[in-house]
Amino acid sequence: MTRIAVVGTGAVGASIAAWLIAAPEHAVTLCARTPFARLRVETPEGVLESTPRLLTDPANAAPVDWVLVVTKTYDAPGAQAWLDRLVGPDTNVAILQNGVEHRDRFPALDPSRTVPVIVDIPAERRAPGDVVQRRNGSLTVPDDAAGRAFAALFAHSPIDTILTDDWLTAAWRKLAVNCAGAVNALTLQPAGIARDAEAADLMRALIRECIAVGRAEGATLPDDLPDSIVDGYRAAPADSINSIHADRLAGRPTEADARNGVIARLGARHGIDAPLNRMADVVLRKNGPDN
Ligand SMILES: NC(=O)c1ccc[n+]([C@@H]2O[C@H](COP(=O)([O-])OP(=O)(O)OC[C@H]3O[C@@H](n4cnc5c(N)ncnc54)[C@H](OP(=O)(O)O)[C@@H]3O)[C@@H](O)[C@H]2O)c1
C-alpha cells in the first residue's frame, strides 16, 4: 500500500486526489483547510465520488510515502506546516504549482526527493470537495528517479505524465504563457483582448522579458515564442478567462509574484531589467487582498 497525502484540495488537488483514490493500492489522506465529507469530481471519463480520509490539523498527520502539495504558490508557508508532520526520511514530495520556483518555495526539503510538477489540468471548484476537471490533461516532471516514481502513481489514470530531460525549459515556456496573462488580469478582459494590436504588443513585450531571464537561467526558448503565444491567446475562445484574471474577479489573492514578479526578481540576479513584469506584479498585488 502506498500512503499518499494531498495538501490542498481545491480544483487541481481534488481532481488528482480523486484519481489517486481510484487505485486500490493507494491509501490517500486529504490535508484540507476547508473540510468536506464527500469528494465529487466530474472528470472527462465520468464522475469520481468517494468519502475521503481528511485531516484539517497538521498536528494529526504522520509521515507518508508521498506528499503532493497542491496549494496556490502564496500558500506555501501553510503547506510547510503539513510537510513538517508528513515528511519522514523516506518521503518523496511533489510540488504541483505554477511558476519556476517549486523547489525554492520549500528549501527545507531534500531536492533529490522533491519533484517539481508543471500542471496542465484545467479544473474549477464549485464548492469544497466539488470540482469539475475539464480535460484529462498532463503533469510534466523531470525524467529522474523521483519523477518516474511520481509518474507511476498515475499509471492507472488517464492523466498523462510527461517525463522530460529539460524540465527547466518546459517550466519557462509555461511561465512565458502565464506572464502574458497579466494583460487579461490588469484589463479585466478575457482572452479575446489578444486580438487587439496594442494588447498583443504588450503581451509580446512581457514574454520577451521572460525569454531574456529564462535564457539567463538556462532555458532554451525560441525567438518566435512571443508570436506563437499571442497566436495561442488569439485562437482561444474569446471569452475564456485565465486563472489570475478569475482570481482578481473573485477578489482572491493572485499568483502575480510567481507569474510576473519572479521574472523581475530572477532577472535582477543576472543584471536583466524586467520593468513590465515588475509593474504587473506590483499593480496586481496592490489591487488585491494580499496587499
Ligand atoms: N485550476 C487550474 O485549472 C490550474 C491549472 C494549472 C495550474 N494550476 C496551478 O495549480 C496550483 C493549485 O491551483 P488550484 O486551482 O487547485 O487552486 P485552488 O482551487 O485555490 O486550491 C488550492 C487549495 O489549497 C488549499 N490550501 C491553502 N492553504 C492551505 C493549508 N494551509 N492547508 C491545507 N490546504 C490549504 C485551499 O484551501 P481552501 O479550500 O480553504 O481554499 C484550496 O483548497 C496553483 O499553483 C495553480 O496556479 C491550476
Side-chain angles (χ1 to χ4, degrees), residues 5-19 29-37 39 41-44 52 54-61 67-86 94-106 115-141 159-160 162 170-171 173-175 177-179 181-182 185 236 240-262 284 288-290:
V6 178
V7 176
T9 52
V12 177
S15 299
I16 59 132
W19 283 110
T29 301
L30 307 189
C31 301
R33 185 169 60 184
T34 306
F36 48 87
L39 177 63
V41 180
E42 279 179 32
T43 81
L54 186 145
L55 301 177
T56 54
D57 184 350
N60 297 325
V67 185
L68 275 54
V69 175
V70 207
T71 65
K72 289 282 177 66
T73 52
Y74 50 77
D75 281 326
Q80 182 60 54
W82 285 101
L83 291 170
D84 291 344
R85 304 299 297 231
L86 291 163
I95 313 293
L96 290 81
Q97 291 180 330
N98 263 338
V100 293
E101 298 175 297
H102 299 58
R103 287 193 175 110
D104 303 315
R105 281 183 213 115
F106 301 95
V115 182
V117 186
I118 302 166
V119 179
D120 180 16
I121 299 177
E124 291 143 35
R125 181 163 45 157
R126 290 184 178 141
D130 185 359
V131 164
V132 182
Q133 180 192 347
R134 298 265 171 223
R135 259 193 299 116
N136 287 332
S138 67
L139 300 169
T140 301
V141 295
I159 294 173
D160 191 15
I162 300 170
R173 282 190 89 107
K174 173 150 192 203
L175 186 65
V177 175
N178 279 346
C179 78
S240 65
I241 289 182
N242 67 30
S243 70
I244 194 164
H245 181 185
D247 285 341
R248 200 172 163 218
L249 287 177
R252 293 187 291 256
T254 72
E255 294 188 314
D257 174 70
R259 297 169 60 124
N260 297 101
V262 59
L284 287 167
D290 45 355

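Remember, it's 1-based here, ligands and their atoms both numbered in the order they're listed.
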#### Entry: For Thr140, side-chain hydrogen bond (donor to acceptor under 3.5 Å, both in side chains) partners two or more places apart
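None.
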### Message
Taking side-chain hydrogen bond (donor to acceptor under 3.5 Å, both in side chains) as the definition, give me every residue that meets it alongside Asp160, ordered by chain and number, with sequence neighbours left out.
### Response
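By the side-chain hydrogen bond (donor to acceptor under 3.5 Å, both in side chains) rule, Asp160 matches no residue at all.
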### Query
Taking it one step at a time, do Asp120 and Arg135 satisfy salt bridge (charged side-chain N to carboxylate O under 4.0 Å, His left out)?
CA-CA 9 Å; Asp120 180 16; Arg135 259 193 299 116; 3.0 Å; yes
### Message
What does the 4.0 Å heavy-atom contact list look like for ligand 1?
### Response
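Near ligand 1, by chain and number: Gly8, Thr9, Gly10, Ala11, Val12, Cys31, Ala32, Arg33, Thr34, Val70, Thr71, Lys72, Asp75, Gly78, Trp82, Leu96, Gln97, Asn98, Val119, Ile121, Pro122, Ala123, Arg125, Lys174, Glu255.
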### Partner set under ring pair (Phe, Tyr, Trp, His ring centres under 6.0 Å) for His245, not counting sequence neighbours
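If we apply the ring pair (Phe, Tyr, Trp, His ring centres under 6.0 Å) test to His245, skipping adjacent residues, there are no hits.
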### Query
Quick one: are Arg85 and Cys31 in side-chain contact, heavy atoms under 4.5 Å?
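In short, these two side chains do not touch, never coming nearer than 4.5 Å.
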### Message
Just so I know, are the side chains of Ile95 and Arg103 near enough to count as touching, which here means a heavy-atom distance under 4.5 Å?
### Response
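No - every pair of side-chain heavy atoms lies 4.5 Å or more apart.
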